[in-house]
Amino acid sequence: MVRLIPFELGRIWRKRSFLLSVCSLVLLHLFLLWYTSLPDEETPPLSAYKALWEELSGKSEEEKRSYLTGLKERADGICFVQDILAMQGFQNEMGNILAKREMQEHPGVFEAYYPLYQSGAYLEFTPSFAQEQALINEVYEECLKVSGYGAYLRSIQENKETLSGISIFGGQAGDTYSSRNLQRSAADYAGLTDQNIRFAPSKGITSAMQSIWTDLLLVLSVMLFVGSLIAEEKEKKLFYITRGTRYGVLHSIAAKLAALLVHCILLTALFYMVSLIFFGQSTGWIEWNAGLQSVVSYMESSLPVSILGYIILSILTKAFVLFGIGAVLIVFCILSGIIALPFLAGAGIIGGSALLYYLIPAGSIVSMLKYVNPVGLMKTEDLYGGYLNFNLFGYPVSRLVLSFVLAFLICILGTVGSLWFFSRMRSMEGRKLRLPFSVPFRPHTNLLRHEAYKFLVTNKALLILFLFAVLFAYRSLDRTYTPSVKEQYYRDIMAELEGELTDGKEELIAAERARYEEAFQKLGQVDEMTNAGEMSAVIADNLKAQANMILAFYPMFQRVEKQYEHIKQYGGGFIYDTGYLYLSGILEDSFPVDFVMISVGVLLAVSGTAAMEYQSGSLFLIRATKVGRRKIFMHKALICGMAAAVLALVPFLCRIYRIASVYPLNSFGADIRNIPHFAEFVLPLPVLCFLLLLAFSQSITAAVVAWLTILLSVWRKNQAQTIFFALLFLVVPMLLKLLGFEMAKWFSLYPLYGWSGMLG
C-alpha cells in the first residue's frame with residue numbers, strides 16, 4: 001500500500017491541467033491578498049507598516065513606547081491645526097470665535113505644530129494625513145495593550161484570589177459556572193509570563209493568517225483533488241478494472257486517503273507560505289521566536305508558544321480539517337452516481353458552516369455551534385489566538401478541546417466511511433448532472449448570434465463579466481472623497497471664476513492676492529518688531545497665528561494664479577480641475593488596480609472561447625465547413641473584444657458619477673490645455689473629447705487583452721493552461737509594478753490603459 005501512495009499522488013499531480021489549476025489558484029490567492037490589502041482614503045498602504053516597523057525594530061520595549069507616543073502627540077497636534085483651519089475656513093464671525101476659543105483652551109499647540117503642518121514633513125509613512133493618523137493610532141493602541149500584558153496576567157490571578165476569599169466567607173461562590181471558569185482560566189494562564197513579549201505591529205501576521213479567501217481556495221483545491229481521485233475514475237469507468245486487482249479495494253482507498261492527506265498538508269503549507277512571504281515583504285518581518293502574545297490580536301491566548309509555533313500549529317490544524325472535509329467528500333463521491341453532486345455537497349457543508357459561524361451571536365446559548373463546525377475549526381486565529389470556555393452543565397469546557405474532538409471525529413468518520421463504502425461500492429460509473437428542465441434551442445443561421453450564445457451562455461462568460469462588473473461598480477461607488485478645508489476654499493473660489501476671464505474676475509483675483517500679500521507683510525513686521533524688542537513673544541505668536549491661518553490657503557490660490565497666467569498668455573477660461581485630475585489618474589492612482597482586475601475578469605471569461613473547440617473536437621468539423629475556421633474565430637474575437645470593452649467602461653462611468661458628486665465637472669467644451677497639468681498636451685481637444693479618448697483607449701486595451709487571451713487559447717488548446725499563461729504574461733507584470741517595480745509596467749499593456757495618469 002505504501003508504494004501506492006506516491007502513485008496516487010503523482011497520478012494527479014503529474015497532470016498538466018491539475019498542476020496549472022493549482023498554479024492558477026496560487027496566482028488568484030496572491031491577487032486576492034493584494035486586492036484585499038489595497039489602501040483607501042483612511043486605510044494606510046502596506047508599505048507604511050513596513051516603514052514604521054523598520055523604525056521600531058532594534059529598539060527596546062520602552063523605546064518603542066516612547067517613539068510611538070511622540071508620533072501620537074505629533075498626529076494629534078497636526079489634527080488640532082487642521083481643526084483650527086477648518087473653523088477659520090468658514091470665513092465668518094462664528095468660525096473665528098470657535099477657532100479663538102480652541103486656541104485659548106490649548107495654548108501654544110497651534111504655534112508649535114503649524115510650521116510642521118505647512119512644511120508637510122509630518123507625512124513620514126503615508127501620502128495623506130488621514131492614512132498617517134490611522135496608522136499611528138492603530139499601532140499606538142496595539143503597543144499600549146501589549147505593554148500591559150503583565151498587568152493582564154496579574155488581573156486573572158487576582159480575580160481567582162478574590163473569588164477564593166469570597167468562597168471562604170460565603171461558602172457558595174465556588175459552586176457556580178462563573179467561579180469555576182475563573183479558576184480554570186487562572187490555571188490555564190498560570191504558566192505564562194511577559195518575559196518573551198516583544199511588541200510588533202500585528203498587520204502582517206494577522207492578514208497572512210486570517211484571510212477567508214485563502215481557506216476557500218484551499219477547500220476548492222481539495223474538491224479538485226477529490227474529483228480527480230474518485231469522480232474522474234468513475235467517469236472513465238476505471239473501477240471495473242482496478243477493483244479486480246489483488247490490492248484493488250482496501251489498499252487502493254487507503255492509498256487515496258493517504259495521498260489526500262499529503263495533498264492537504266502540502267497545499268496548506270504552500271498557500272500560507274505565500275501569504276507570509278507576501279506580507280513579510282510588504283509590512284516587514286517580525287521576530288518569529290517572540291511570544292505569541294506579542295501580537296495584540298492573540299493576547300488572550302493561553303498557549304506558551306512562539307509566533308512560529310502558532311503558525312505551524314495553524315497550518316497543521318487547517319490541513320487536518322481539510323483532510324476531514326475531503327474524506328467526507330470521498331464518501332459522497334463513492335455513493336453518488338452523479339459527478340457534480342459531491343461538489344455540491346461540499347459547497348453545502350462549507351456554506352452551512354459559514355452561516356452558523358457568522359449568524360449565531362457569540363453570547364447566545366447555542367454559541368457552541370458557532371465555533372465547533374468546519375468553518376470554526378479553520379479559524380485558528382480564534383482557536384489558538386483566543387481563549388474561550390463553553391458552559392456544559394455548569395462546568396467550563398475549553399473550545400480548544402471540543403474543536404480537537406470534532407476535527408478528530410470528522411477525520412475518523414470520513415476515513416472509516418470511505419473504507420466501508422468503497423469496499424461495498426455499487427455505483428462504479430458517473431454521469432453528469434442534468435437540470436430538471438431544458439431551454440429549447442431555436443435553430444438559426446446567424447453566425448455572430450451563434451458564437452455570442454456559445455461565448456456568453458455555454459462558456460459562462462456572461463456570469464463572469466457580470467460578477468466583475470458588480471465588483472467594479474461596488475469598488476468605485478463605495479469610494480469616499482472628502483475634500484480638505486483647502487480644497488473647499490479652492491472649489492468656492494473656482495465656482496466664481498469658472499468660465500471666460502472678465503474684469504470682475506480679475507478684481508476678485510487681485511483682492512485675494514492683496515489679502516495674502518498683507519498677511520506676508522504682517523509676518524515680516526512681527527518678526528522685525530520681535531527682533532527689535534518692541535513686541536513680546538506672546539503677542540507675536542498670536543499675531544503670527546492669525547496671519548498663518550490666512551496663509552494656510554495660499555498654495556491653493558497659487559493654483560488659481562497659475563490658470564490666470566496661462567489665460568493671460570494663451571487665452572481660454574478657468575476650469576475647476578480637481579475632478580478631472582482625479583478622473584485622469586493624476587490625484588488618485590487607481591488605474592493600475594482597475595487594469596489588473598479588468599485583465600483577470602477578461603481572461604477568465606475569454607480563456608475557454610477557443611480552447612472549447614479543441615477540447616470538444618468540434619474544430620475538425622469547423623475546418624470542413626464553408627465558413628471555415630478563420631471567419632468563425634474572427635467572429636469570436638469581435639464578440640470577446642466588444643464584451644471586454646464594455647466591461648472596461650463600467651469602472652470609468654462609475655468613477656465619473658462618484659467624482660462628479662463631490663467635485664463638479666463643468667466646462668466640457670473648454671480646451672483641455674487650460675488645466676495646468678495638461679498645458680503641454682499635444683492636441684487642442686475639448687475636455688469632453690479628452691475624456692472620450694481616455695475611455696476609448698481603456699476599452700481598446702481591454703479588447704487587446706481579450707484578443708491576446710484568445711491567441712494563447714489557440715496556442716495551448718486548453719483552458720487551464722490558457723488561464724495560467726494569460727495570468728503570467730498579462731497580470732504578473734502589473735503585480736510587480738504594484739509591488740514597487742515600476743519598470744515592470746513597460747512589459748504590459750498598462751501604458752495604453754493608464755496613459756493619462758503618466759502625463760506631466
Side-chain angles (χ1 to χ4, degrees), residues 27 29-59 64 67-68 70-72 74-75 78 119-143 199-211 213-214 272-288 295-297 307 475 479-480 582 585-597 731-746 748 750 754 757-758:
L27 290 175
H29 169 55
L30 187 60
F31 167 77
L32 290 171
L33 291 178
W34 160 77
Y35 178 73
T36 54
S37 304
L38 289 174
D40 57 28
E41 191 167 319
E42 295 184 355
T43 303
L46 296 180
S47 58
Y49 291 92
K50 184 176 184 179
L52 180 55
W53 175 236
E54 288 174 352
E55 293 292 333
L56 291 174
S57 58
K59 290 182 169 63
K64 291 176 183 177
Y67 178 75
L68 290 172
L71 291 180
K72 172 67 173 173
R74 186 183 71 182
I78 297 299
S119 66
Y122 58 88
L123 295 178
E124 188 174 350
F125 306 108
T126 65
S128 72
F129 177 68
Q131 292 179 340
E132 189 89 5
Q133 188 178 32
L135 171 69
I136 293 171
N137 287 342
E138 176 186 341
V139 179
Y140 175 75
E141 293 296 331
E142 289 181 355
C143 184
F199 169 73
S202 64
K203 180 67 175 181
I205 183 68
T206 55
S207 299
M209 300 303 296
Q210 297 181 14
S211 174
W213 299 108
T214 306
Y272 279 97
M273 187 181 299
V274 170
S275 297
L276 291 167
I277 292 174
F278 175 83
F279 284 104
Q281 291 289 349
S282 303
T283 64
W285 298 93
I286 61 176
E287 300 179 59
W288 302 109
V295 181
V296 68
S297 301
I307 295 175
R475 178 174 179 271
R479 172 73 165 89
T480 57
Y582 271 108
I586 305 300
L587 294 181
E588 181 185 39
D589 193 18
S590 62
F591 287 165
V593 177
D594 289 343
F595 180 62
V596 169
M597 293 173 60
V731 178
V732 169
M734 283 305 301
L735 292 179
L736 293 175
K737 188 265 183 192
L738 290 165
L739 290 174
F741 301 95
E742 287 293 329
M743 285 299 297
K745 69 184 178 185
W746 299 107
S748 69
Y750 178 71
M758 300 164 62

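Note that the structure is predicted; figures quoted are calculated from it, not measured.
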Correct closest heavy-atom pair for Thr43 and Leu38 would be CG2-O, 4.4 Å
Interatomic distance, Ser748 atom OG to Leu735 atom CG [nearest 0.5 angstrom] = 10.5 Å
Lys203 and Phe279, any side-chain heavy atoms less than 4.5 Å apart = no
Under the salt bridge (Lys or Arg N to Asp or Glu O under 4.0 Å) test, residues paired with Glu54 that sit two or more places apart = none
So, for Leu32 and Thr36, which heavy atoms are closest and what is the spacing to 0.1 Å?
-> O-OG1, 2.6 Å
Check side chain to side chain donor-acceptor pair (under 3.5 Å) between Ser47 and all other residues, then give those that pass, not counting sequence neighbours.
-> none
Looking only at atom types and distance, does a side-chain atom of Glu142 sit under 3.5 Å from a main-chain N or O of Val295, one as donor and one as acceptor?
-> no
Rounded distance [0.5 Å steps], CD1 in Ile307 versus CD in Glu287 = 8.0 Å
Indicate the atoms forming the closest heavy-atom contact of Thr283 with Gly204, along with that distance.
-> OG1-CA, 3.3 Å
Taking all heavy atoms of Ile586 and all of Gly757, pick out the closest pair and write down the distance.
-> CD1-CA, 3.9 Å
Take Ser275 and His29 through the test side-chain hydrogen bond (donor to acceptor under 3.5 Å, both in side chains) and record every step on the way to the result.
-> CA-CA 8 Å; Ser275 297; His29 169 55; 2.9 Å; yes
Do the side chains of Leu68 and Ile136 get nearer than 4.5 Å, heavy atoms only?
-> no
Kindly indicate whether the side chain of Pro45, heavy atoms from C-beta on, has any atom under 4.5 Å from the side chain of Gln131.
-> yes
Side-chain heavy atoms of Met209 within contact of Ile205, under 4.5 Å | yes
Applying side chain to side chain donor-acceptor pair (under 3.5 Å) to Ser207 and not counting sequence neighbours gives none
Would you call Lys737 and Asp589 a salt bridge, taking side-chain N to carboxylate O under 4.0 Å as the test?
-> yes
Think Lys59 forms a cation-pi with Tyr67, using NZ or CZ under 6.0 Å from the six-ring centre and within 45 degrees of its axis?
-> yes
ring-ring contact (aromatic ring centres under 6.0 Å, His included) with Phe129: which residues, sequence neighbours excluded?
-> Tyr122
Any idea which heavy atoms bring Ile286 and Pro201 closest together, and the distance?
-> CG2-O, 4.4 Å
Under-4.0 Å salt bridge between Glu55 and Lys50 | no
Do Arg475 and Val593 come within less than 4.5 Å of each other through their side chains, counting heavy atoms only?
-> yes
Across all chains, not counting sequence neighbours, the ring-ring contact (aromatic ring centres under 6.0 Å, His included) partners of Trp34 are Phe31
Tell me, do Trp285 and Trp53 make a side-chain contact under 4.5 Å, heavy atoms counted?
-> no
Leu46 and Phe278: CA distance, side-chain angles, deciding distance, side chain to side chain contact (heavy atoms under 4.5 Å, CB included) verdict = CA-CA 10 Å; Leu46 296 180; Phe278 175 83; 4.0 Å; yes
Do Leu71 and Glu124 have side-chain heavy atoms sitting under 4.5 Å apart?
-> yes
Are any non-hydrogen side-chain atoms of Phe595 and Val731 less than 4.5 angstrom apart?
-> no
Please report the C-alpha distance between Tyr140 and Leu135 in whole Å, then the side-chain angles of each, then the deciding distance to 0.1 Å, and finally whether the side chain to side chain contact (heavy atoms under 4.5 Å, CB included) criterion is met.
-> CA-CA 8 Å; Tyr140 175 75; Leu135 171 69; over 6 Å; no
With sequence neighbours excluded, residues passing ring-ring contact (aromatic ring centres under 6.0 Å, His included) with Tyr49 | none
Point-to-point distance, once rounded to the nearest 0.5 Å, from CG of Asp594 to CE of Met734 = 10.0 Å
Shortest non-hydrogen pair, Ser37 vs Leu33, comes out as OG-O, 2.8 Å
Donor-acceptor pair, Glu132 side chain versus Thr126 backbone, under 3.5 Å?
-> yes
